[in-house]
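None of the values given here were measured: they were computed from a predicted structure. Residue numbers begin at 1 in each chain, while the letters A, B, ... track the order of the sequences.
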Amino acid sequence: MILGLHLAYWQTSVIRSLGVLVAVLLPAGTFVYIFLFKMVSFMQSRLGPMEAGPYGSMQLLAEVGKFIQKEDIVPDNADRRLFKLAPYLVVATVLLVYLVVPFGPKMRFVNFDGGIFYALAVSSISALGVLIAGWASANKYSLMGGLRAAGQLIAYELPMVLAVVGVVIQAGTMNLSGIVAAQANGKMFGFGGLGNPYFITQFVGMVIFLIAVQAELTQTPFDMPIAESELVTGYITEYSGMRFLLFFIAEFAAVGSFAAVAATLFMGGWAVPGIKFDSGVMNVLGPIVLMAKMTLIAGVIFFVRFTYPRFREDQLQKFAWTILIPVALANILVTTVLKVAF
Amino acid sequence: MLLNEFLFLAAALFALGVYGVISRRNGVMVLMSIELILNSVNINLVAFGAMNGNLTGQVFALFIIAVAAAEVGVGLAIVLAIFRNRRSVDLDEVDLMKG
Amino acid sequence: MGLIVAAARNADAPVLVAQNIAFGVIAAIMVFSAFRVVTTRNVVHAAVYLVMVLSGAAAQFVLLGAEFVAITQLLVYVGAIVVLFLFGIMLTRAPIRGEERATRDSWPLGAFTALVLAGLLGYSLTNGFGGDRLPRYCTTAAPLAGSCLSPSGTRAISDAIFSTYLIPFEVTSLLLLAALIGAIVIARRD
Amino acid sequence: MSDAPAPETDERRDRLVEVLRSELGDRVVDSLVKPGDDVWVRVATDAWQETGRVLRDALRCNFFDFLSAIDWLPSPFGKSEDSPLDQRPALSTDIVTGYAGGETRFQVFARVTSLPERVSITVKADVPLEDLAVDTWSAIYSGANWHEREIHEMYGIGFRGHPYLAHIYLPGDFEGHPLRKDFPLLARHVKPWPGIVDVEPMPDEGDDAEAEGDAAAEGAE
Amino acid sequence: MTAISDRQKLAYVNAQAADGRVNLEFETEEGMTLNMGPQHPATHGTLRIVAKLDGEQVIHCEPVMGYMHRGYEKLLEVRTYPQVNTLVNRIDWLGSFTNEVPFILASEKLMGVEAPPRAQWIRTILFELGRIANISLFLGDTALHMGGMTAAFYAFRDREFVLNQIEAVTGGRFHPNFDRIGGLKDDFPKGWIADTKAVMARLRDFCDEIEDLVVGNEIFQARTRGIGIIPGDIAQSYGLSGANLRASGVDWDLRRDVPVGLAWDQCDWTVWTHPDGDSFSRYWVRLQEVREATKIVDQLCDGLPSGPIMAKVPRIIKVPEGEAWVATENPLGEMGYYVVSKGDLGPFRVKIRTASFNNISVIPWVTRGVYVPDVISILASLYFILGDIDR
Amino acid sequence: MPDIYGKGLLKGLGVTFREMTKTIFPDGMTKRPSPTKGAATVQYPHEKEAPAPRARGVIALKEDNCTVCMLCARSCPDWCIYIEGHEEKAPPRRPGGKPRTVSALDRFDIDYALCMYCGICVEVCPFDALFWSPEYEYSEPRIADLLHDKTRLGEWMETVPDFEPYEAGSEVKVRKVPR
Amino acid sequence: MSAFLREYLTVAIFTGVAFGLLAGVLSVGKLIRPVRPQAEKYFNYESGVDAVGTGWVQSPIRYYVFALLFVMFDVEAVFIFPWATQLEIYGWFGAVEMGIFIVLLALGLLYAWRKGVLRWT
Amino acid sequence: MGLVESGKMPKPLTNLLNISRRYSIWIFQWGLACCAIEMGAALGSPRYDVMRLGVIPLPASPRQADLVCISGTVTDKMVPAIRRLYDQMPDPKYVISMGSCANCGGPYWDSYSVTKGVDQIIPVDVYVPGCPPRPEALLEGIVLLQERIRHEDMAERWKGDPIVVT
């Protein structure tokens, strides 16, 4: 009986895992198509993929089909095992972040007490994968790219963590479902009609968080690690075929995961004002609402990416340490004082 | 589960860490070995905490993680200083007493 | 292997079989990785093995119900300290094929010390805590404190820090400050 | 080309030559001034470097245009526009040098400009055949560095005192100095000229230029 | 803004210090050598930059050229004058028509002929169109090298209109082969002038767009201001020309200062200079240059004189013996031909003085002590065309 | 330095945003979106933009006009025109006249793999036998196929556009393409 | 089994499934992708030429200082988070305690700032 | 080892793979001379926008590229680099030779430093004539290449040793 139960648990877990993979790949693919192919093209007065399928909608399938049949090259000088391990690490960290994001009152994969803390911890591991990828390629561009990337990831991990603290102070919990509830049921200056979405009351925190996300994702203006005009493609210079595709997927899945976290932290997650917070219909509606919010945030990320030039490495570090982190600390102090005083 | 399982695991890590500290030439590797030792302590603390049903063990594990961070920071800085002066992180070649 | 067998033998209740197996597998990985940390010739490999030890430790913390410590272990150890290690390694030249001579000539002494230590520890542990069992995992929603192994919430840890361990907490910040300044002074000195 | 008729004298350019003569004495071998157009000065080989210094310091010709060389030997190959089977016409090997004269096959020449005066000068110096080298200008005009490397590669002329006289354009194992007139362009020798195929000339077409011009005019109508 | 003299002084001091370090560092085998090129996205094709690094700081940076060396000066010796004319198009392949003009002018000088006024005006119009086609790409490309990819797309988009106009006249988008000794090959087709004026208006809009998108952007300014400062006297000593020289505060434009017989003196335009000499000022000066060029084209289109486009020259061109030098203010800077003729069908020796060769010879000087990303921005702002360097 | 920090950043976003709306909504925000109309793109394989009539795309040969004078082959800087001909008797122009000697064209090849598209051959041809056509679609998987013989060169003749009239003030006469 | 462990088991299973899927895709690719070993294919890419120099990056010490700062502040964050959840209960006492803690570490940042380690030159 | 080399690939799968290769061609960002600018126009100009055809101009490293367009003059100094970069691209890979210079030396056919055609060093799939070819001409070449990829028999391609042209 217990065995049967365990088996059932296994099965449900596997099914749920596949569900998460869909939840990862769907937004990632959507973002690639909408933003990388189409929005940027429109911003540049052109059309983007048109031939593969109607309006180029099959382009992504073609990409996958192409990369799967590309030769897989591991350079002679590279550290074979670590070279092969690195993409797994990078992808896995991204996937694991998705696990804690709630998509509805019951639509969630795990419900951790320290949900946001877990998300930050897991995402900080990707710096490791990037460093290993850069080192194991035995390539100068890769190594410099890896070092830059890791230096940047850790420099912006901190403002991100500190920006979240403000939300945690306001919500009084680290559980992401709890944060959603706190926003849906909260009051803003005594007015509860819209709940208390933190993008208003934690505006500074959100700006810091989004800037940090931009940097964590190594998107322009913070894309020096993969700055093609300097370091070719940085730490992925030596990767070919499927392994490269894994990095590519990871990049866009990470956009999705950070957008999901940001949407949950600052925009009320899957909840919408006006619909009762924990009604069953939100289990269906919630994922759609969250996806819409994610798309909005990802849109901003790519909008900025395709508009700005990039910083220099030291300017980026200086920006993080002399502006973002002090501001984030001040934000914590202000939030603390407000929370305690009122 | 037995408490001893965790304690044995910690002991094994501790012994390996001690071996590493004594036998490694590379200063960075010695620091890593020290990390093993600190981790074994952490496992012990948390296990005892669970055994006794209070949070002291966990809180102290947190403090130890903080201490480990400080230790690695200073330790690596020393290794780097040595490296800059001697172009080597080989502890055999570095006799600090001589200067 | 022995650990897995031991774990399986110690299975005192069916519910705990899974935990014991999990413990055994993780412990075996940890010990193997720790062994490789102190024996591999390649510094970067050593760092990667260290990551496995540290993640294994985090998993053990989860088994012990210490969720917050486990995540902290990931955040600080894996996400920060190992990265610091890797930076240190890359600042000090890590040949991709590993070092020619990674161990000192005195390694037998180290091995001997470690073996003696392990023997002593094993003996004393078997003597001291031979039959002590950890409390079972709580199954009820509101367990009595201390009677069973329950995940300790972040709030509880926070309460502990901000009541009993306030002084150590503040001292920690002093320690970190001192370490920071010290490390900067050492690293920047030309 | 200005609309006004060229003036007979050109004070600015004459002054350039005068100052050079007063500074260098009889080491200014020859000079030519085209009023309102340009000025050429040829100096002795051993005065090459000093000329540069005088130009920069005394004449404020701070702007460095270029430094180059020339091989006055007529090409022994022509344009290779003939059948490889045919006898090559014997081309003259007499060296006829250009403005301001010259005595040897190779000459280096450089051009600098004085921006405030808005006047440029071309200076030349012979390179003795027995020792193909002159003094470097790279200490006087920083830009001369690469130009001298280029000349060294293209003509084999050395520059004494140059900091780094290495190949600049060609791969390291390239042999020969391409801009010397006796360096053949092999492709032109190997490939038969497609214009040699023997067809009778058209009745209304001669070989001389005027007739062709007429033919073209006819064709255009 | 810091006073420029202070900044230049600082640049001097830094350069001196870097000089001392170069000698020291080259002896000790420390540091890393970063190789960029021959295939590298930052080098516009095939330039190779070998940089000796200390961390991310450049100790010494040496350009390696010759990957595009095609032996122009030798090839021109075996070609006739019409054939030379078509070959030199390909030196600065973005400037198209501007390459032909100084050569033709030098040949005309030797032959003593002068093109009729209409031909000179058309030459000037096409010259300025070539400048716009060239520099508008620079405006986008530099932004691209600093990560702002959208500007490059805008540049390509609006450049197409200029190329269309050039093609409508000359038949070639890049390589017009349109200039002839004594005049031009052909005249404007009907309706061309109206189209051109519309295109010029469009390009002024493009300049405004670039102003908003790139020049005004704080990140771009942070990346370029105070980076890669070249003082005026250093620039002259290296023979920098064009916008690079003017951005160093030297007011020198061959179009204005050394008239060669084209129609620039017939219209009203400004020579822009900038006192700073850094990457930003080079970008800024070029942006203004595009604007001025559109003004010049507009004015010349309005006042185009009627008449023939060809002077009387023999059908087969033999240039009399002599030496002549003509340089014009090309998009990249001063481009001149020193033509030595022996009275044959083709020139005896042609020394091609290209702007880029001198412009990038300053790279080892200017990149000492900067960071790797700055090398990119300095390279981009110096603006070179490989064909123009290597010939 | 800018007076207000961040103003330039916002302006930049504005530029790209305006362009995006212009592309998606070419007829204004109220009409339905139509990027294919709003974008500057010409969708090449499906729609083609006619190049300028003077564009130098490919050289067409009017075989009847060629007199095998070799001028084009001689003035070609790339030596990429190969002409062979022979002399033959042609019927007299007027009935009863003497038979003429004409040069008949056996081979007229242009190697487009080598051609530099300078147009010197077209310019020097005194008999109106060579013309520029703006056609550009003749890529080949085999390089040998880029050598166009006289039949293929003759086929291009259909694509040769008429010469355009000139801008006001010009004194150049407009030529005619022989059909 | 407790709900708490069960959720972590989900994480473990999920990781396993994800890794398995990635490995599966890679091994499917192995079937349909060519292998054409050529010596030069496995040389390291360096813009098309042989690697120049020893290839070892002497990465700047400042990277280390940044990493160090990060570690210290990361540890700080670890203590801030539990505190943040309970702030409502601690009130002013908690605010002051954490204020001291943060200010002490901010002093470190200030020190680094004044020492010039945040700048590159 | 693989199905492809053995020629045992099922027909529908081959079709599928060919189609995906056809619509996903990552073109190496690498230009040599004048043609590079026209290639840049094809890749970067909104008027041509090669991305429509599924040609993605992202990769700056040969490891991720499927197609290299040799756009411009190939000099003797450049030859080893071209060969190296071509070798470093993972199979299956394609080459377009763009313009007269790359086809067989073009205007520099008689130069002492220019290689007479890139097909002397690497195998070429499509030759695009022109000096430089218009961007549309390159697009035509790409469409031609896509047609060829669509009907390509991979087993044929992988038969025998790697193609080495010396």
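- There is no contact between A:Y55 and chain H, counting heavy-atom distances below 4.5 Å.
- Looking at H:L16, there are no atoms closer than 4.5 Å to chain A (heavy atoms on both sides), in backbone or side chain.
- In this structure, A:Y239 and A:F83 approach most closely via the heavy-atom pair OH-O, 2.8 Å.
- In terms of non-hydrogen atom pairs under 4.5 Å with chain A, the most contact-rich of H:R47, H:R22, H:R52, H:M51 is H:R52.
- Using cut-offs of 30° and 60° for the angle between ring planes, the A:F244 and H:W26 rings count as perpendicular.
- For chain H, the nearby part of A:I73 is the side chain; its heavy atoms alone come within less than 4.5 Å.
- Most heavy-atom pairs under 4.5 Å with chain H, from the set A:E71, A:K66, A:M50: that is A:K66.
- Looking only at heavy-atom pairs under 4.5 Å with chain H, the residue among A:K70, A:M58, A:Q59 that has the most is A:K70.
- For the pair H:L138 and H:P133, the minimum side-chain heavy-atom distance is 4.5 Å or more.
- Contact check for H:D125 versus H:I96: no side-chain heavy atoms found under the 4.5 Å cut-off.
- In this pair, A:Y235 and A:F247 present their aromatic rings perpendicular. The plane angle is above 60°, beyond the 30 to 60° band.
- In this structure, the portion of A:Q44 lying under 4.5 Å from any heavy atom of chain H is its backbone and not its side chain.
- For a residue to count as touching a neighbouring chain, one of its non-hydrogen atoms must lie under 4.5 Å from one of that chain's; by this rule A:F248 touches chain H with the side chain only.
- Using the six-membered ring where Trp is involved, A:F37 and A:Y33 have ring planes that are perpendicular, over 60° apart on the 30 and 60° scheme.
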